[in-house]
Amino acid sequence: MAENSSNEQEMRRIIASIGDQICDTLDNNFDIHVSVDTDEIQGQKLSVLVNFLLENVRRSISDMHTLTAQLEDKVKERTEILNLVIEGSNDAVWIWRLDKDSIEFSSHWFALLGDINHDQCVRAQHWFARVHPKDIVRLRQAIERVVEGEDQYLRVEYRIKTSSGNYLWILCRGVCQHDEQGEQGETHVLAGTQTDISSIRSFDAWSGLPNESYLREYLQDELESKRPFYLLFFSVNQFDALAESLDNETINALRRNIIQRIMGGLAQHATLARLPNDMFALTGMLGELKLTNLCDALNDLFKASFTLESGSTLYLSLAIGAIDSKELNPLHTDELFNYAWTALREARKSQSICIYDRTKKDKNTRLALLVQELRLGTSNGLVTAHLQPIIDSSNSQITGFEALARFHHPTLGHVSPAEFIPLAEERGLMSLLGDCVLQQALVMCKALLSETGLSSSFYIAVNISAKQFEGAGLAQRILAMLAAHELSPCYLRLEVTESAFMKDMDLVLAELGKLREAGIKIALDDFGTGYSSLSYLRHLPIDILKIDRSFITELDQQSSKEAIVNTVYGLAQLLALDVVAEGVETQQELSTLNKIGAMKVQGYLFSKPLAWVDIPTFVENYVQLNHRG
């Protein structure tokens with residue numbers, strides 16, 4: 001019993017000794033070795049075990065210090081590389097802690113803005129106050145979408161004002177971090193980069209000149225300032241063909257020479273911009289200089305030849321479209337550019353100068369309105385077919401009518417066919433217009449057969465434009481209309497001009513062949529005013545020659561015209577073609593035609609083109625008058 005008590009006391013002493021020695025580790029001093037002065041086996045084992053544990057702790061701490069040092073070196077290295085990348089990329093870094101409304105910008109951001117004295121952290125309002133008024137809403141909305149989680153990344157372009165008063169285009173990119181911290185729940189951090197993209201956004205990469213985007217912004221500011229200025233759009237005539245014939249190196253050298261000549265001649269006090277497709281713009285204050293003089297001065301720069309690298313010389317000329325902002329008073333650059341492009345298109349047609357003024361603007365405004373109303377007029381009854389009688393000169397009987405398109409608008413008034421028909425040709429409305437007139441003509445033909453005392457051999461003649469032949473299907477469409485109205489093809493004649501055969505003769509011949517085969521007669525309209533090649537005339541699928549009114553006017557007074565008409569009539573006789581003379585206005589012209597031979601005639605001597613409401617009365621009166629005669 002005494003021995004056990006002694007052993008227990010010895011173990012307490014050993015443990016106390018080891019405990020005293022371990023207390024040194026409270027100061028992180030693990031570099032100790034525990035020793036005990038005892039013969040007690042259990043005490044020695046405990047000492048060995050503690051030393052083993054201490055050795056493991058020392059080893060772990062050493063490894064941890066080594067790893068920490070390595071991590072610190074890695075972080076330092078990565079930080080240096082990241083800083084190098086950021087500096088090399090010309091990007092400014094920003095971190096916005098939304099809960100504190102605190103934005104930290106890198107020094108490069110303030111260098112971009114030209115701020116010498118600044119705080120590293122600013123409030124959001126400091127940033128937004130410098131954003132262009134037209135961009136602030138777009139920027140705020142983009143940020144809001146990222147913060148609310150609608151977009152994963154922030155990417156938005158905007159303009160910001162520098163200390164010098166200029167605006168830079170900035171590409172703002174960022175991502176939002178959401179953390180669950182604190183009593184207030186989510187804390188938002190928005191971070192990313194701000195990049196100056198002014199040179200990319202505003203300047204042509206090849207020439208370094210301002211581009212169209214820059215020009216639009218610049219001119220919009222000028223419009224808002226109400227300062228008058230000029231704007232020229234110009235291009236080198238036939239430059240596309242020239243570029244195809246020269247190699248890239250030569251054509252690029254020529255482009256540089258063109259730019260240098262303009263810069264040296266006119267651009268010292270103006271802004272020269274490069275537009276797409278090798279076109280240019282020049283703008284500045286007009287002052288006392290007249291717009292015509294400015295255009296002439298620009299043209300004069302190209303009187304001297306250009307020398308190519310091969311040593312050969314080349315003479316170039318310009319097409320120039322010019323506008324004066326004070327003359328047209330546009331409100332926005334879209335309107336301004338439309339005027340300038342229109343002017344350049346007109347100039348390129350003549351390869352010269354077009355100054356787009358208020359008169360041209362009013363004309364184009366009317367044309368635009370006319371196109372719209374003409375399209376609507378074919379379906380709402382504003383475009384109508386009027387009928388002009390065709391008379392057989394041999395017996396003075398009505399042999400048919402020509403259907404002619406007429407357009408009367410409630411506000412535009414009576415629009416001349418000389419205005420709206422070429423416009424329909426140009427704007428692709430001829431099929432619509434032609435079908436409209438043909439449909440009305442067939443309805444009138446049906447009514448004439450049942451409501452008048454005309455011979456059943458009469459016909460309705462309808463003009464077919466060259467544009468209506470574009471794409472197969474014209475013959476099928478016409479025959480379908482005849483079938484829908486239950487009319488025989490013999491009641492319809494189609495009048496085509498010589499120009500219809502010029503674009504795609506094979507197609508036109510095929511379509512006319514189908515129509516003739518169905519029983520429709522074909523007239524060659526305005527004969528003598530076009531190509532009038534006798535070599536192809538005998539091959540055309542036609543039945544009638546119509547002599548243009550220019551040969552009929554004053555026919556009785558000009559022997560040369562009489563000789564021409566006599567020749568045409570003789571030619572028609574040889575080819576077994578009927579003849580119709582257009583534009584007969586006097587009894588003397590009719591008498592001269594009767595001397596030449598029997599033919600069909602039409603003109604104001606008999607009647608102007610009549611609306612349908614006037615046709616029955618005209619027919620009745622004419623038949624009665626002719627019967628009495």
Side-chain angles (χ1 to χ4, degrees), residues 387-404 457-466 468-469 489-503 505 508-509 511-513 515-556 558-585 589-606 609:
L387 301 183
Q388 185 173 39
I390 300 173
I391 309 298
D392 188 338
S393 64
S394 65
N395 56 24
S396 298
Q397 298 295 314
I398 298 176
T399 189
F401 293 88
E402 180 179 1
L404 299 165
S457 63
F458 88 98
Y459 61 87
I460 295 284
V462 178
N463 291 282
I464 299 296
S465 164
Q468 290 175 260
F469 284 98
C490 69
Y491 291 112
L492 179 63
R493 291 190 180 182
L494 300 176
E495 299 184 359
V496 297
T497 60
E498 297 172 66
S499 61
F501 296 93
M502 296 300 106
K503 189 170 185 181
M505 180 172 283
V508 175
L509 291 177
E511 293 295 299
L512 292 182
L515 294 167
R516 287 187 81 208
E517 186 178 349
I520 299 174
K521 289 190 174 183
I522 309 297
L524 185 60
D525 199 11
D526 299 337
F527 183 74
T529 61
Y531 299 93
S532 303
S533 172
L534 301 183
S535 64
Y536 79 79
L537 183 59
R538 62 191 180 91
H539 298 296
L540 297 181
I542 60 174
D543 306 283
I544 305 145
L545 278 184
K546 294 197 72 173
I547 304 175
D548 186 69
R549 63 173 300 168
S550 62
F551 297 106
I552 305 303
T553 302
E554 298 181 347
L555 175 67
D556 55 303
Q558 298 184 34
S559 58
S560 59
K561 287 187 177 183
E562 183 177 354
I564 292 173
V565 174
N566 206 351
T567 301
V568 172
Y569 183 80
L571 177 64
Q573 292 290 98
L574 289 172
L575 297 175
L577 302 175
D578 288 339
V579 176
V580 178
E582 298 181 286
V584 180
E585 297 187 355
E589 292 168 354
L590 178 61
S591 298
T592 305
L593 288 172
N594 285 334
K595 285 194 306 180
I596 293 173
M599 63 185 78
K600 310 298 188 299
V601 292
Q602 69 181 99
Y604 275 47
L605 175 62
F606 306 99

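As the structure is a prediction and not an experimental result, all values here were calculated from the model. What's counted below: heavy atoms across the whole structure, side chains too, no hydrogens, waters or symmetry copies.
Of all non-hydrogen atoms in Ala403 and Asn463, the two that sit nearest each other are O-ND2, 3.9 Å. Residues Ala581 and Met599 share a closest heavy-atom pair of CB-SD, 4.0 Å.
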Inset, instruction - Determine, step by step, whether Asp525 and Glu582 satisfy the side chain to side chain contact (heavy atoms under 4.5 Å, CB included) criterion, reporting the C-alpha distance in whole Å, the side-chain angles of both residues, the deciding distance to 0.1 Å, and the verdict. - result: CA-CA 9 Å; Asp525 199 11; Glu582 298 181 286; 3.3 Å; yes
Legend entry - Stepwise side chain to side chain contact (heavy atoms under 4.5 Å, CB included) check, Val601 with Asn594: CA-CA 10 Å; Val601 292; Asn594 285 334; 6.0 Å; no
Inset, instruction - Let me see the working for Leu545 and Val580 under side chain to side chain contact (heavy atoms under 4.5 Å, CB included), right down to the final yes or no. - result: CA-CA 6 Å; Leu545 278 184; Val580 178; over 6 Å; no
Legend entry - Verdict with reasoning, Ile390 to Tyr459, per side chain to side chain contact (heavy atoms under 4.5 Å, CB included): CA-CA 9 Å; Ile390 300 173; Tyr459 61 87; 3.7 Å; yes
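For Val565, the side-chain contact (heavy atoms from CB on, under 4.5 Å) partners at least two apart in sequence or on another chain are Ile547, Phe551, Ile552, Leu555, Leu593, Ile596. For Leu575, the side-chain contact (heavy atoms from CB on, under 4.5 Å) test picks out Leu537, Arg538, Leu571, Leu577, with sequence neighbours left out. Residues passing the side-chain hydrogen bond (donor to acceptor under 3.5 Å, both in side chains) test with Glu589: none are found, sequence neighbours excluded. Legend: residues meeting side-chain hydrogen bond (donor to acceptor under 3.5 Å, both in side chains) with Ser394, ordered by chain and number and at least two apart, are Asp392. Asp543 pairs by the side-chain hydrogen bond (donor to acceptor under 3.5 Å, both in side chains) definition with Arg516, not counting sequence neighbours. With sequence neighbours left out, the side-chain contact (heavy atoms from CB on, under 4.5 Å) criterion links Ser591 to Gln587. Applying the side-chain hydrogen bond (donor to acceptor under 3.5 Å, both in side chains) criterion to Glu517, with sequence neighbours excluded, gives no partner residue.
Taking the six-membered ring where the residue is Trp, Tyr491 and Phe458 present tilted rings, their angle falling between 30° and 60°.
Rounding to the nearest 0.5 angstrom, the gap separating the CZ atom in Phe606 from the CD1 atom in Ile391 is 5.5 Å. We find the CG-CD distance between Leu404 and Gln602 to be 7.5 Å, quoted to the nearest 0.5 Å.
Identified under the salt bridge (Lys or Arg N to Asp or Glu O under 4.0 Å) test for residues 565-578, with sequence neighbours left out: none. Counting only residues at least two apart or on different chains, the side chain to side chain donor-acceptor pair (under 3.5 Å) pairs with a member in residues 558-570 are Glu554-Gln558. Among residues at least two apart or in separate chains, salt bridge (Lys or Arg N to Asp or Glu O under 4.0 Å) pairs with a member in residues 393-403 are Glu402-Lys546.
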